[in-house]
Undergrad: 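The structure that follows is given in the form of structure tokens.
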Amino acid sequence: MSFNEYNPSSIEKKWQGIWEADKAFEASADHSKLKFFGLIEFPYPSGNGLHVGHPRSNTALDIICRKRRMEGYNVLFPMGWDAFGLPTENFAIKNQIHPAIVTKQNVDHFRDQLKMLGFSFDWSREVNTTDPNYYRWTQWIFLQLFKAGLAYKSSMPINWCTSCKVGLANEEVVNGKCERCGGEVVRQVKSQWMLKITDYADKLIEGLDSVNFIEKVKIQQRNWIGKSTGAEVDFTICAPANGENPAVESKVTIYTTRPDTLFGATYMVLSPEHKLVEQLALYITNNDQVLAYKAEAARKSDFERTEMAKDKTGVELKGIYAVNPVDGRQIPVWISDYVLASYGTGAIMAVPAHDTRDYEFAKTFGIDIIEVVAGGDISKEAFTDIQEGTMINSGFLNGKTVAEAKESIIAWLEEKGIGHAKVNFKLRDWVFSRQRYWGEPIPLVYCEHCGWVPVPEDQLPLELPAIEQFVQTDDGESPLTRCTDWVNTTCPHCGQPAKRETDTMPQWAGSSWYYIRYADPHNNTALADWDEMNYWLPVDWYNGGMEHTTLHLLYSRFWHKFLYDQGVVPTAEPYAKRTAHGMILGENGEKMSKSRGNVVNPDDTVAEIGADAFRTYEMFMGAFDQPIPWSTQGARGCRKFLDRVWKLQEKMTAEEEVSAALKSKVHGLIKKVSDDYEKMKFNTAIAAMMAFINEAYTLGSVSRGDMRALLQLLNPVAPHMTEEIWEANNLGAQPIYKTAWPTYDEAAIAEAEVEIAVQILGKIKARIMVPSGLDAAGTEEFAKNHDAVKELLDGKTIVKVIAVPGRLINFIVR
RNA sequence: GCCGCCUUGGUGGAAUUGGCAGACACAAGGGACUUAAAAUCCCUCGGUGUAACAACCGUACCGGUUCAAGUCCGGUAGGCGGCACCA
């Protein structure tokens, strides 16, 4: 019998055709079967096409899903397109093409590339966020948020990208620059739609306890939400500062996490934007200075503010003072931009002895430092330890620990009615407006009489009007404002003339719920049928990039939890399990980018070594969760491995069963590969298969049974060539993907003999073969009677023996 | 500054979680086949050392626990990621 050369391109096309014709990977409607919903982040179809990073995540979950199907699960492994967004719109502006056309071209290209790689996606459930039948439900969800009071319009200062001319969420600002274009971000007051994600802060933290996310993701989400417990305390502010009876008294509430240090508060700081600064302007004797400082602070971008974090600046509000409520002491009031208007109450009590920032500030401006927790050396630095230390100089708190003092002072404040325990979060509400064309229109109408009125649900989708000019207006408004035919409408409530909202939703909108749509992608009456959601949700395994931890992953958890509270979805969490892949770097070890010229194109690699070898290398190159540089040579090595698998056909005997010579190896391999796939240790699974192949070549032959096991195990990684070998040699009536995942017999794994190390005083002196299955006593007995060991122990007195069955024996001698 | 992770041959990485460090590859060197090259196959491949063994050293560095440490504990240095004046 002679064999053809391994020719990936024809084999891969052939099997992709068969899978498509057979609808091999479509999820079944049979809800009686156990389900498995595997998900990878659907890509943004950029004009550059797929890069080698995409297939890392895709192949990993493709392996898991192919294995699950063979294990008998009803598997849903869908794919779609997160297609709204800026790059497409910018490309459209530059080239005078409608973004919808660009999107279609890009999607077609991406789809071809993904199909080329042989992923077992259920293409019948493909979704596209720019499809009106899809974004109809994105709009519908927004309306539910609006009706529930979680969407509001606000003219708070927002992050404004000077280059994209678009408002950004906090999450989209990286080092003071726009996450997308790298442009300068400044604070600008704009009227924007906001979503109250802060209402879900606690639920988003608590929910983490119920899901199986990698720890890193949980930690990052918790830090981002930034829950802190402390107290709000009312201080009285008096003016003028001279005279026995102040003309004005007003109340300022401060937030602190250290109410225990109240006796150490020697001054107060307001953020420059604090409203009291304006209200008391009349009494502030150095108001010119104050106004100048405010103007300077406002001019600084957030980035500049952070850059200057080390040097504390500020201005004392002369002419007024605050009263420390705990002892009636008069303390000065300052404004400084180290106090943020957007966190807590925008005002703090400053305790320089026990807060590093306050300490720096006090040192700079020569303000009193009063130690109230003993244990540090406040002449050198602030003492901020809360575990150690005893209260001093603190009246009724003296002698208590920090924790005890906290409790007492809060009780005292509550009794006096001037303070209470308070929880704060770093998480900010989500800026949901974009002054852009290529996004979902926000389905609201503004009516002079009725205010903001939702577009009636039966009128959804509210489609994007066809326009020709996609650039923003000169004052940074959405291009939709030019489309007066569309903007001018009637109020759905009172019927009078009204205007549509021209802002669109951010890219995160469509991706916040797409996994739900996969359960029932063609539904025209609901975002998905309840029974379908009830069967498929939650997503059993979601793999993606760490960069989405505080963006997409948090946003979609928020939407899901809201929908759950509304009774729209059946589960409290969207994703049962979350894993993350490491980034693939260029061959020079740097991040792949066009400007660095180190981008590897999957098309070229697949043309050279085939999709199966490409997939194998993506999984073999290193630990799945670590960043790894690409190596063209390494990829070729994986092709060599598949060549050797291919040529193993020539070494196949007529024996149908697993061969006696390889029996323990085959069973061991089944166990190893099965376990490793589940742990995403694809590199060691493939290494084990390579070792098995090497063993088979050394032996000179394999049985048909040996080959079956190997091909089944390798199939999820290299699905095309394994099917081809299987079919060409009639190894089964069914293709591999319809066979059951191989099982192993634990007893069969054991070899007759195993090599163990013999140590004397912990140093390896010899290696001996011992019968397998011996316990510690048996191993010791056997070893002591072994000639080589006898020789080693000759003339020595054994003090102690440690035997680890199957591994080693250690003689402690004198 | 805070939180988290990491550091093993020339390179990517293994090591059943405390039990034979360097699996499996890549690169390199040598050999076979070939007129030659490619492909393929075989051998060598942490360091010192030896004719070859032996022996000794070796998982960033210093110290500790243990019969036994890449793995656990304490400290130091370097790198990566996230947050960053959040009171």
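We name chains A, B, ... by the order of the sequence lines, and we start the count at 1 in each one.
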Undergrad: Contact class for A/N223 vs. all strands (heavy atom < 4.0 Å): base, sugar-phosphate, or nothing?
TA: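 Counting heavy atoms under 4.0 Å across all strands, the contact made by A/N223 is with sugar-phosphate only.
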
Undergrad: Please confirm whether A/K312 makes a cation-pi placement over A/Y338, using NZ or CZ under 6.0 Å from the six-membered ring centre and within 45° of the ring normal.
TA: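 So A/K312 does make the cation-pi contact.
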
Undergrad: It should be established whether A/N694 places a side-chain nitrogen or oxygen under 4.0 Å from OP1 or OP2 of nucleotide B/rA25.
TA: yes

Undergrad: Salt-bridged, A/D209 to A/K218, with N to O below 4.0 Å?
TA: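 A salt bridge is absent here (no side-chain N lies under 4.0 Å from a carboxylate O).
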
Undergrad: So what does A/L808 touch, heavy atoms closer than 4.0 Å: a base, only the sugar-phosphate, or nothing?
TA: base

Undergrad: Please work out if A/I628 contacts a base, only the sugar-phosphate, or nothing of the nucleic acid, heavy-atom cut-off 4.0 Å.
TA: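 Result for A/I628 = sugar-phosphate.
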
Undergrad: As a check on the pairing definition, encode RNA chain B in dot-bracket form, counting Watson-Crick and G-U wobble pairs whose two distances are under 3.5 Å, and using | for partners outside this strand.
TA: (((((((..(((......[....))).(((((.......))))).(((......)))..(((((..]....))))))))))))....

Undergrad: Considering every strand and a 4.0 Å limit on heavy-atom distances, what is the contact class for A/T549: base, sugar-phosphate, or nothing?
TA: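 A/T549: no heavy atom of the nucleic acid under 4.0 Å.
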
Undergrad: Is A/K681 touching bases, backbone alone, or none of the nucleic acid, heavy atoms closer than 4.0 Å?
TA: sugar-phosphate

Undergrad: Would you mind telling me which of B/rC57, B/rA87, B/rA23 lies closest to the side-chain atoms of A/Y343?
TA: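 So the side chain of A/Y343 is nearest to B/rA87.
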
Undergrad: Can you find a side chain N or O atom of A/R644 that sits less than 4.0 Å from OP1 or OP2 on B/rU40?
TA: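 So the side chain of A/R644 is outside the cut-off, no N or O lying under 4.0 Å from OP1 or OP2 of B/rU40.
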
Undergrad: Indicate, with a heavy-atom threshold strictly under 4.0 Å, whether A/N424 touches base, sugar-phosphate, or nothing.
TA: nothing

Undergrad: Which residues satisfy the side-chain hydrogen bond (donor to acceptor under 3.5 Å, both in side chains) test with A/N543, sequence neighbours excluded?
TA: A/S57, A/T579, A/H581

Undergrad: Check every strand shown and say whether A/F641 touches a base, only sugar-phosphate, or nothing at a heavy-atom separation below 4.0 Å.
TA: nothing

Undergrad: Applying a 4.0 Å non-hydrogen cut-off, can you work out what A/K763 is touching in the nucleic acid: base, sugar-phosphate, or nothing?
TA: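 The residue A/K763 makes sugar-phosphate contact but no base contact.
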
Undergrad: Taking only residues two or more places apart in sequence, or in another chain, which ones meet A/T266 in a side-chain hydrogen bond (donor to acceptor under 3.5 Å, both in side chains)?
TA: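 side-chain hydrogen bond (donor to acceptor under 3.5 Å, both in side chains) list for A/T266, sorted by chain: empty.
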
Undergrad: For A/K640 and B/rA38, give me the distance from atom NZ to atom C1', rounded to whole Å.
TA: 13 Å

Undergrad: Decide, for B/rG4, between syn and anti: a glycosidic angle within 90° of 0 counts as syn, anything else as anti.
TA: anti

Undergrad: Answer yes or no: is there an ion pair linking A/K380 with A/D377, defined by an N-O contact shorter than 4.0 Å?
TA: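 Yes, charged N to carboxylate O under 4.0 Å.
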
